[in-house]
Protein chains: 2
Amino acid sequence: MRLTRISEIRRRELRRAAFEVLQKEGMAGATLEKVATHAGASKGIVLHYFANKQELFEHAMREANAALKEAVVVRLNRARTPRERLEAIIEANFEERFFQPSVCHAWLSLCAEVPREPQLARIQKVIHARMRSNLLSALVDLLPAEDCETVALGITSLIDGLWLRLGLQSEGLTRDTALSQMRDYLAHRIPAT
Amino acid sequence: MRLTRISEIRRRELRRAAFEVLQKEGMAGATLEKVATHAGASKGIVLHYFANKQELFEHAMREANAALKEAVVVRLNRARTPRERLEAIIEANFEERFFQPSVCHAWLSLCAEVPREPQLARIQKVIHARMRSNLLSALVDLLPAEDCETVALGITSLIDGLWLRLGLQSEGLTRDTALSQMRDYLAHRIPAT
DNA sequence: CTAATAATTGTCCCATGGGTCAACATTTGA
DNA sequence: TCAAATGTTGACCCATGGGACAATTATTAG
């Protein structure tokens, strides 16, 4: 089954190319031709491997999400205490490779499509559910039960807000600022030790 | 100068129509024809009053922003104490007419264009600057000086994150949830009294 | 070696939508 | 009342981009 292999390689290349073009061009500007060129192929090949534009970007979103998920997993595995698990989740979301204006902009472009693209909405839903569940599993040991949901929402909203802001390329927002913002929240919202 | 008046009326109608179409269709789907139809006019008239699509949506963003600003001003005028001023700013951002999935979705669509639309970027910058300045003027009386910037960023990020989430139409996020999330933040981050 | 299968390309088609324009309608001011 | 200015329309143009497809070139398995 070499065939499967080559098609999988091609599909991955195209997914990545799609996400990279998205970073610079936004959804409207990310044409099939640009994606193809960026992947070093022809437009035809894109539609050979993906039924249509939506499907391509759906897979691009899946892949980007998978990378983030993986980063969280790696850090979670290293974490020993609930507190460390919490920090692992947060720090993964602010790794340099993710927390970049262009990357956040790509995410923004995808998010803007969510209301009209059921497939993207599904992915979004999964992302949120995983985030929530990860956070709750750490928070449950750190907070009274009735506070967990609130703080989980607080953390995700803060992360989203900081990502959004970076996506807008408002200068002056650095990774460090963002991370210390998160730490500030934790410091004040979660009882010491 | 009646003439100015009628053109102003038409321009306002078109700005509003543009924003409303944006709510349902997103940026790509918001064609000049749909905007015109929604305003009960022909496509030609849109380009008679606005040089091009970008300019139309730039003005739509300006108007939506002006409405939000106005809501903040009204509430700020009623506020007596710094704490009330802080709450005024926050509550204005969660008024029913603004904090709606469709409205947040329209904002999201505009934000996604910011990196490639310098005019939108400028507006965005103004919005952030005003928000920051409003918040700081209230926070300065409530917090040690070195904490003000941090908390101002925390509040705006939280607001943005909640708006984003509503824009994604993730069910289960209500105005009440959002507001109590904000209150929870204030309660823990700003010393009582 | 060869037939079948998959990969890849370039061309073509067509709907869409932004933008132009000339013509027509209405308002306004003198 | 009537011309000048403004409002308004619909028809037209054209670039763009998504998608279909037939033709061509590897690959692979028997």
Side-chain angles (χ1 to χ4, degrees), chain A residues 1-61 109-110 112-113 116-120, chain B residues 1-61 109-110 112-113 116-120:
Chain A
M1 270 294 163
R2 286 279 121 65
L3 307 179
T4 320
R5 212 177 273 174
I6 223 186
S7 82
E8 264 323 299
I9 291 175
R10 212 50 89 241
R11 285 169 69 91
R12 184 184 314 143
E13 286 172 352
L14 292 171
R15 285 191 302 253
R16 301 220 168 135
F19 194 80
E20 277 161 29
V21 173
L22 204 55
Q23 295 184 28
K24 291 169 213 143
E25 314 272 3
M27 187 58 80
T31 85
L32 294 182
E33 208 139 18
K34 280 185 196 159
V35 171
T37 305
H38 193 264
S42 71
K43 185 172 77 162
I45 211 67
V46 180
L47 291 157
H48 177 67
Y49 286 108
F50 297 92
N52 48 43
K53 195 183 177 181
Q54 296 93 48
E55 197 182 303
L56 170 63
F57 283 95
E58 173 195 332
H59 284 264
M61 190 181 192
S109 303
L110 288 168
E113 299 300 315
R116 261 153 301 103
E117 212 75 59
Q119 289 305 313
L120 298 191
Chain B
M1 272 298 163
R2 287 279 121 65
L3 309 177
T4 321
R5 213 176 273 172
I6 222 185
S7 81
E8 264 323 300
I9 290 174
R10 208 55 85 243
R11 284 171 70 91
R12 184 182 315 142
E13 287 172 351
L14 291 171
R15 286 191 303 255
R16 301 220 168 136
F19 194 81
E20 277 161 29
V21 173
L22 203 57
Q23 295 183 28
K24 289 169 215 144
E25 315 272 1
M27 186 58 79
T31 86
L32 294 182
E33 207 140 18
K34 280 185 196 159
V35 171
T37 305
H38 192 263
S42 72
K43 184 173 75 164
I45 211 66
V46 180
L47 292 156
H48 178 66
Y49 285 109
F50 297 91
N52 49 43
K53 194 183 177 182
Q54 296 92 48
E55 197 182 304
L56 169 63
F57 282 96
E58 173 196 333
H59 284 264
M61 190 182 193
S109 303
L110 288 168
E113 299 301 315
R116 260 151 303 102
E117 211 77 57
Q119 289 305 312
L120 298 192

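Chain identifiers are assigned alphabetically (A, B, ...) following the order of the sequence lines, protein sequences preceding nucleic acid strands; residue numbering begins at 1 within each chain.
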Atom [atom1] of [X] to atom [atom2] of [N]: distance rounded to whole Å?
X	N	atom1	atom2	result
A:Leu14	C:dA7	CG	P	12 Å
B:Ile45	C:dA25	CD1	P	15 Å
B:Glu25	C:dG17	CD	C1'	14 Å

For residues 20-34 of chain B, pull every pair meeting salt bridge (Lys or Arg N to Asp or Glu O under 4.0 Å), keeping only residues two or more places apart or in separate chains.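 Passing the test, one end in residues 20-34 of chain B: B:Glu25-B:Lys34.
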Non-neighbouring partners of A:Glu117 that pass side chain to side chain donor-acceptor pair (under 3.5 Å), sequence neighbours left out: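 Not a single residue meets the side chain to side chain donor-acceptor pair (under 3.5 Å) criterion with A:Glu117.
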Below 4.0 angstrom, N of the basic side chain to O of the carboxylate: do B:Arg11 and B:Glu8 qualify?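 Yes, B:Arg11 and B:Glu8 are salt-bridged.
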Look at A:Glu13 together with A:Arg10 and state whether they make a salt bridge at an N to O cut-off of under 4.0 Å.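 Looking at A:Arg10 together with A:Glu13, the answer is yes, because their closest N to O distance falls below 4.0 Å.
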Which residue pairs pass the side-chain hydrogen bond (donor to acceptor under 3.5 Å, both in side chains) test with at least one member in residues 35-49 of chain B, sequence neighbours excluded?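 For residues 35-49 of chain B, and leaving out neighbouring residues, there are no side-chain hydrogen bond (donor to acceptor under 3.5 Å, both in side chains) pairs at all.
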Are any of [X]'s side-chain N or O atoms less than 4.0 Å away from OP1 or OP2 of [N]?
X	N	value
A:His48	C:dT8	no
A:Tyr49	C:dA6	no
A:Arg10	C:dA6	no

Review item, nucleotides 12-19 of chain D N/O atoms under 3.5 Å of protein N/O:
unit_1 : atom_1 : unit_2  : atom_2 : d
D:dG18 : OP1    : A:Lys53 : NZ     : 3.0
D:dG18 : OP2    : A:Leu32 : N      : 2.9
D:dG18 : N7     : A:Lys43 : NZ     : 3.0
D:dG19 : OP2    : A:Lys53 : N      : 2.9
D:dG19 : N7     : A:Lys43 : NZ     : 3.4
D:dG19 : O6     : A:Lys43 : NZ     : 2.8

Is there a side-chain contact between A:Leu120 and A:Phe57 in this structure, where contact means two heavy atoms from C-beta onward sitting under 4.5 Å apart? no
Side chains of B:Phe19 and B:Arg15: closer than 4.5 Å at any heavy-atom pair? no
Not counting sequence neighbours, which residues clear side-chain contact (heavy atoms from CB on, under 4.5 Å) with B:Glu55? List them please. B:Phe50, B:Ala51, B:Asn52, B:Glu58, B:His59
Every protein N/O within reach of nucleotides 21-25 of chain D N/O, cut-off under 3.5 Å:
none

